[in-house]
Amino acid sequence: MANTATAPKSAPKKSKGFTGIKSGFLVIIFCWVLAECVYVFVFGHKSHFADADTGFSGGLQDFSFFTDGDHEPLTGDLIGTVYKGGFIVPIIWTLFFTVIALAIERYFAIRTANGKGNLAKFAAEVKSALKVQDVAKARQLCDKQQGSVANVVLAALDEYEKQLKEDVELEKKVLSIQKTVEEATALEMPMMQENLPIIGTIVTLGTLTGLLGTVLGMIKSFSAMGGEGGADSSALSVGISEALVNTASGIATGASAVIAYNFYTNKIDKLTFAIDELGFTIVETFKTSQK
């Protein structure tokens, strides 16, 4: 008679969806190319400069980057003024575009980590199910919710049911469940925190790069003022423009990075708090069931 094989127990459902970009370096490279293109083909267009041929022929000659670059921006033309900020401008804009790109990337990744439903409601329903020791219902809620919190709870519930069958001391059982929660959390955290260090670095780097551009611009300004025959108004204008444009761009980049970093750090803190709360509930429920 043929032996009847027992069907293996299905594995817990894991988060499905966008879990983040693994290579932040590639994002930076892409943003650098984008920043250079914007700097050359948008800010450097001849239509933003005085005494320049504004007729568009569709060739590279329509961009001041490919000419002598000595034309002054039109009066009140901010785009032309930004172009005169010099080579520091595309560097700062690379950082700015990187912040925007990674902020969007983190939005979708953390939304996946959060799960499909309201996290607070999910936590309350799981706690209610565990209060009456209804592990099956807690599992169903996790399968429906998905996300990082649900994954950790599922791992803890697996260990919960495993320890119910173990013949060891209660303290060892509790420690095993707590260890499972910690290990599952450690596996989920990298996905939630991916690329946040880059945004955190740009908080300082953006401001410092803007300051560097400001210093270089002021050097040009003082060089023009100290030249023979009095100040060269054209060189003085270029130096001041570079100083002010880079200051503004650096501040905007640093501010955007601060906002994005703090926003997503707060989101991650809420997720880890929910994990800790539910992990504690599972441990306490197990203790109660063993009394």
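Throughout, numbering of the chain's residues begins at 1 and tracks the sequence.
By the 4.0 Å N-to-carboxylate-O rule, Glu182 lies too far from Lys179 to be salt-bridged with it. Taking a cutoff of 4.0 Å between a charged side-chain nitrogen and a carboxylate oxygen, Glu277 and Lys127 qualify as a salt bridge. Classification of Glu125 and Lys144 as a salt-bridged pair fails, no side-chain N sitting under 4.0 Å from a carboxylate O.
The minimum heavy-atom distance between Ala156 and Ile282, with the atom names listed, is CB-CD1, 3.5 Å. What you find for Ala150 and Cys142 is that their closest heavy atoms are CB-O, 3.6 Å. Scanning all heavy atoms of the two residues, the minimum distance from Ala109 to Met191 falls at O-SD, 3.9 Å. The two residues Ala138 and Val126 make their nearest non-hydrogen contact at CB-CG1, 4.5 Å. Closest heavy-atom contact between Gly206 and Leu95: CA-CD1, 3.8 Å. Contact record, Gly24 with Ile198: CA-CD1, 3.8 Å, taken as the closest heavy-atom pair.
The backbone N or O of Glu194 lies less than 3.5 Å from a partner atom in the side chain of Arg106, making a donor-acceptor pair. Using modelled atom types, no side-chain atom of Arg111 and backbone atom of Lys116 make a donor-acceptor pair closer than 3.5 Å. The closest donor-acceptor contact from the side chain of Thr98 to the backbone of Thr94 lies under 3.5 Å. The backbone N or O of Gly117 sits less than 3.5 Å from a side-chain atom of Gln145, completing a donor-acceptor pair.
Ring planes of Tyr160 and Phe286: perpendicular class, angle over 60° (limits at 30 and 60°).
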Checklist entry - For Ile202 and Tyr261, what are the C-alpha separation, side-chain angles and deciding distance, and is it a side-chain contact (heavy atoms from CB on, under 4.5 Å)? => result CA-CA 10 Å; Ile202 294 176; Tyr261 184 82; over 6 Å; no

Checklist entry - Is there a side-chain contact (heavy atoms from CB on, under 4.5 Å) between Glu284 and Leu130 once you walk through the steps? => result CA-CA 9 Å; Glu284 292 301 311; Leu130 292 174; over 6 Å; no

Checklist entry - Could you walk me through whether Val82 and Val89 pass the side-chain contact (heavy atoms from CB on, under 4.5 Å) check? => result CA-CA 7 Å; Val82 170; Val89 172; 3.8 Å; yes

Checklist entry - Do Thr253 and Leu205 pass the side-chain contact (heavy atoms from CB on, under 4.5 Å) test, and can you show the C-alpha distance, the side-chain angles, and the key distance before you say yes or no? => result CA-CA 9 Å; Thr253 299; Leu205 189 59; over 6 Å; no

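Hydrophobic clustering (side-chain heavy atoms under 4.5 Å, transitive across Ile, Leu, Val, Met, Phe, Trp, Tyr) groups Phe263 together with Leu102. Transitive grouping of hydrophobic side chains (ILVMFWY, heavy atoms separated by less than 4.5 Å) keeps Ile251 and Phe97 in distinct clusters. Leu196 and Leu187 fall into different hydrophobic clusters, where Ile, Leu, Val, Met, Phe, Trp and Tyr are joined by side-chain heavy atoms under 4.5 Å apart, directly or via other members. Both Val42 and Ile100 are members of a single hydrophobic cluster when ILVMFWY side chains are connected at heavy-atom separations under 4.5 Å. Placement of Val38 and Val40 within a single hydrophobic cluster is found when ILVMFWY residues are connected by side-chain heavy-atom separations under 4.5 Å, directly or transitively.
Residues Thr272 and Met189 have side chains in contact (heavy-atom distance under 4.5 Å, counting atoms from C-beta outward). Here the side chains of Phe87 and Leu216 are in contact, with some heavy-atom distance below 4.5 Å. At least one side-chain heavy atom of Ile21 sits less than 4.5 Å from a side-chain heavy atom of Asn195. A heavy-atom distance below 4.5 Å is found between the side chains of Arg139 and Glu161. Looking at heavy atoms from C-beta onward, Ser256 lies in side-chain contact with Phe96 at the 4.5 angstrom threshold.
Note: Leu164 CG to Gln133 CD = 8.5 Å, rounded to the nearest 0.5 Å. Atom CE of residue Met218 and atom CG of residue Leu244 lie 8.0 Å apart, to the nearest 0.5 angstrom. To the nearest 0.5 angstrom, Thr185 atom OG1 is 10.5 Å from Asn151 atom CG. Going from atom CG of Leu211 over to atom CG of Asn246 covers 10.0 Å, rounded to the nearest 0.5 Å. Interatomic distance, Thr285 OG1 to Ile177 CD1, rounded to the nearest 0.5 Å: 9.5 Å. Between atom NZ of residue Lys173 and atom CG of residue Leu175 there is a gap of 12.5 Å, rounded to the nearest 0.5 Å.
The ring-ring contact (aromatic ring centres under 6.0 Å, His included) test with Tyr83 is passed by exactly one of Phe43, Phe41, Trp93, Tyr39: Tyr39.
Sparse packing is recorded around NZ of Lys121, with 12 or fewer heavy atoms of other residues, nucleotides or ligands lying under 6.0 Å away.
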